[in-house]
J.: 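Would you mind keeping the following structure in view while I ask a few things?
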Amino acid sequence: MGASGALEELVKLLPTEAHRIADNGEVEEVPVDELVAGDRVLVKPGEKIPVDGSIVDGETSVDESMLTGESTPVHKKSGEKVVGGSVNGEGSIQVEVEKTGEDSYLSQVIKMVRSAQKGKSKTQNFADRAAAWLTGVALTAGAITLLVWLLGVGREFVFALERTVTVMVITCPHALGLAIPLVVAVSTAISAKKGLLIRQRNGFEQARNLQAVVFDKTGTLTVGKFGVSKVESFSSGWDEQSLLSYAASVEANSEHPIAKGIVQKAGEDIQKVSGFQAITGRGAQGTVEGKEVKVVSPGYADENGVEYDAGKLDNLRQGGKTAVLVIIENTVVGAIALADIIREESRDAIARLKEMNIRTMMVTGDNAEVAKSVAGELGLDEYFAEVLPDKKVEKIKEVQKRGLRTAMVGDGINDAPALAQADVGIAIGAGTDVAAETADIVLVRSNPQDVVSVLSLSKATHKKMLQNLGWATGYNVIAIPLAAGVLYPWGVVLSPAVGAILMSASTVIVAINSRFLKAK
């Protein structure tokens, strides 16, 4: 069910209908499965792109984060390729269909998920094996007891039968059979209260042996949203707050992720704007307090011959940050640097994992400079940058080939194959449904610190299982000889009723011990 659910969620990424442009220029609504290579489709602002293809008319920014992990919307113009399932930004574009059906990029991801899931091994149930083993011991011990008392010692049949019944009762594998299932029940309840949803018990139980944890960046270690990291004035006549206020006033009318980050930073310090206009793929402009204000990419300034301090801009962009210029009355008065915001919980989670001698790694579709900056800030042991979904699987395999038992923590469609391939797949709950369907464990709170909780609970659960198995086994080692009558020469004989009480007591002890399960 989990496997099919994951694949169904992948399929849901694609729209069911598309705007096909006929030879006469008219636009008609057709099912996506009727499209063939060479067709042209119209993709309006905010719509999902229905197919893999190339832009033949128009330009826009495309959000590919659900597929590639790249947090920044990618500017696309005529001649550049787009991927089905990604989201079109502010521009209207025409796309020529190149791949459909099983040849599409998304279908290839689906195949990888299916392949990785088929490769999963299944752990045998220790409780069933132990109980079956003890059942055999009980039958064997009972038969031996009957024969020894009846034939070896020469006692009457009723006495020998009573000793045999006592052995059979006292050896009843309740405690051993319940040793693991009781702990499973308690650990499941504890995990649910902590916001850790265990989808696959085998994966959860393997978490105690992990040696490496590979995190996705966007939406996992980071919030997945742009935030302002620095505002710098290039002109003595403008302070940083005024510059931010003017920029936010213009950007308040835009839905672009960068615009939202600037507006959020400015808070309520936003003024009325008139004549707002989006500059496709480059930024936005408007009039604030009678002044023409543009918030644009450096590329726009270069194309239009607007001069600015390139040195200051380069300093702002260090660490892979995105920077936009603020132009007022055709003069660049400053710049705003933005970056994907690192979760506060990520730092503590990485530090605690390293204390547990677990290697921490990051895999991302972002460029190397961004990845290096985030890895350095968090203190990660390794990072893999500019990695597409199929390569994410390869990176997980690469880590596993080092002999490291590996967990993958992610939230996007692009993480699904890697989650399935890893020894333990952990999905951030606020991410996509397909990631949750593919994972062994889902973190409801989207908190990286819960990865540590998973490992802690897994270790505590295994320890409690061993305690219960040890008690149940030790109890039978002592109880079986007593029930068989080894102390009979000293006047100690157990009746079947006493055997039943001892058997019940052992079960109660196992149950109470299970209730003491705790995890940090």
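Predicted model, so just to flag it, every value in this text is computed and none were measured.
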J.: Among Val213, Val363, Leu404, which residue satisfies the side chain to side chain contact (heavy atoms under 4.5 Å, CB included) criterion with Val399?
T.: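 Option passing the side chain to side chain contact (heavy atoms under 4.5 Å, CB included) with Val399: Leu404.
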J.: When Pro448 is tested against each of Arg347, Glu345, Glu344 for side chain to side chain contact (heavy atoms under 4.5 Å, CB included), which residue passes?
T.: Glu345
J.: Look at Arg40 together with Asp57 and state whether they make a salt bridge at an N to O cut-off of under 4.0 Å.
T.: no
J.: Say whether, by atom type as modelled, one donor and one acceptor occur between the side chain of Asn315 and the main chain of Lys312 under 3.5 angstrom.
T.: no
J.: With the side chain counted from C-beta on, respond yes when Ile327 and Val333 share a heavy-atom pair under 4.5 Å apart, and no when they do not.
T.: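 No, too far: nothing below the 4.5 Å cut-off.
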J.: So, Arg282 and Glu303, do they make that salt bridge, N to O below 4.0 Å?
T.: yes
J.: Indicate yes or no: at least one non-hydrogen side-chain atom of Ser54 is less than 4.5 angstrom from one of Glu98.
T.: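 They are in contact (side-chain heavy atoms under 4.5 Å apart), so the answer is yes.
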J.: Any side-chain heavy-atom pair from Val97 and Val41 closer than 4.5 angstrom?
T.: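 In contact.
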J.: What are the two closest heavy atoms between Thr220 and Ser346, and how far apart are they?
T.: O-OG, 4.1 Å
J.: Going by heavy atoms in the side chains, are Arg20 and Leu35 under 4.5 Å from each other?
T.: yes
J.: Do Tyr308 and Asp302 get their side chains close enough for a donor-acceptor pair, meaning under 3.5 Å?
T.: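 Yes, side-chain donor-acceptor contact under 3.5 Å.
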J.: Does this structure show an ion pair linking Glu329 with Lys291, if we count only N-O contacts that are shorter than 4.0 Å?
T.: no
J.: Does the side chain of Glu47 pick up a donor-acceptor pair with the side chain of Asn88 at under 3.5 Å?
T.: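 No, Asn88 and Glu47 have no side-chain donor paired with an acceptor closer than 3.5 Å.
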J.: Is it true that Glu369 and Gln318 share a donor-acceptor pair across their side chains at a distance under 3.5 Å?
T.: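 No donor-acceptor contact under 3.5 Å links the two side chains.
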J.: Just wondering, do Phe215 and Val451 contact through their side chains at under 4.5 Å, heavy atoms?
T.: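 In short, these two side chains touch, coming nearer than 4.5 Å.
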J.: Given 3.5 Å as the limit, does a donor-acceptor pair link the side chain of Ser61 with the main chain of His75, or not?
T.: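 Answer holds: no.
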J.: Give the minimum heavy-atom separation between Ala375 and Tyr383, together with the two atoms involved.
T.: CB-CD2, 3.6 Å
J.: Around atom CG of Asn24, are there more than 12 heavy atoms from other residues, nucleotides or ligands closer than 6.0 Å?
T.: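 Atom CG in Asn24 is packed in, count exceeds 12.
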J.: One thing to verify: whether Arg402 and Glu382 come together as a salt bridge, which I'm taking to mean a side-chain N less than 4.0 angstrom from a carboxylate O.
T.: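 Between Arg402 and Glu382 there is a salt bridge, with a charged N closer than 4.0 Å to a carboxylate O.
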J.: Can you see which heavy atom on Ala266 is nearest to which on Ile270, and at what distance?
T.: CB-CG1, 4.4 Å
J.: Apply the side chain to side chain contact (heavy atoms under 4.5 Å, CB included) test between Phe226 and each candidate in Thr322, Asp340, Ile262; give the one that qualifies.
T.: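 Between Phe226 and the candidates, side chain to side chain contact (heavy atoms under 4.5 Å, CB included) is satisfied uniquely by Thr322.
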J.: Please determine if Arg405 and Asp423 form a salt bridge, counting it only when a charged side-chain N lies under 4.0 Å from a carboxylate O.
T.: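 No, this pair does not count.
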J.: Under 4.0 Å between a Lys/Arg side-chain N and an Asp/Glu carboxylate O for Glu386 and Lys391?
T.: no
J.: So with a 6.0 Å cut-off around NZ of Lys265, is the heavy-atom count from everything else above 12?
T.: no
J.: Indicate yes or no: at least one non-hydrogen side-chain atom of Gln94 is less than 4.5 angstrom from one of Val43.
T.: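 No, their side chains stay 4.5 Å or more apart.
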J.: Looking only at non-hydrogen atoms, find the nearest pair between Glu232 and Leu316 and report the distance.
T.: OE1-CD2, 3.7 Å
J.: Can you find a heavy atom in the side chain of Ile279 that is under 4.5 Å from one in the side chain of Gln285?
T.: yes
J.: Salt bridge or not between Lys76 and Glu59? Use side-chain N to carboxylate O under 4.0 Å.
T.: no
J.: What I'd like to find out is whether the side chain of Val306 reaches to under 4.5 Å of the side chain of Val332, using heavy atoms alone.
T.: yes
J.: Between Thr222 (side chain) and Lys217 (backbone), is there a donor-acceptor pair under 3.5 Å?
T.: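 Yes, the answer is positive, given that a donor and an acceptor are paired below the 3.5 Å cut-off.
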J.: Work out which heavy atom in Glu90 is nearest to a heavy atom in Thr60; give both atom names and the distance.
T.: N-OG1, 3.5 Å
J.: Counting only heavy atoms not in Glu26 (residues, nucleotides, ligands), do more than 12 fall under 6.0 Å from its CD?
T.: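 Incorrect, the count does not exceed 12.
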J.: Would you indicate whether Lys459, at its atom NZ, is surrounded by more than 12 heavy atoms from other residues, nucleotides or ligands within a distance under 6.0 Å?
T.: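 Atom NZ in Lys459 is packed in, count exceeds 12.
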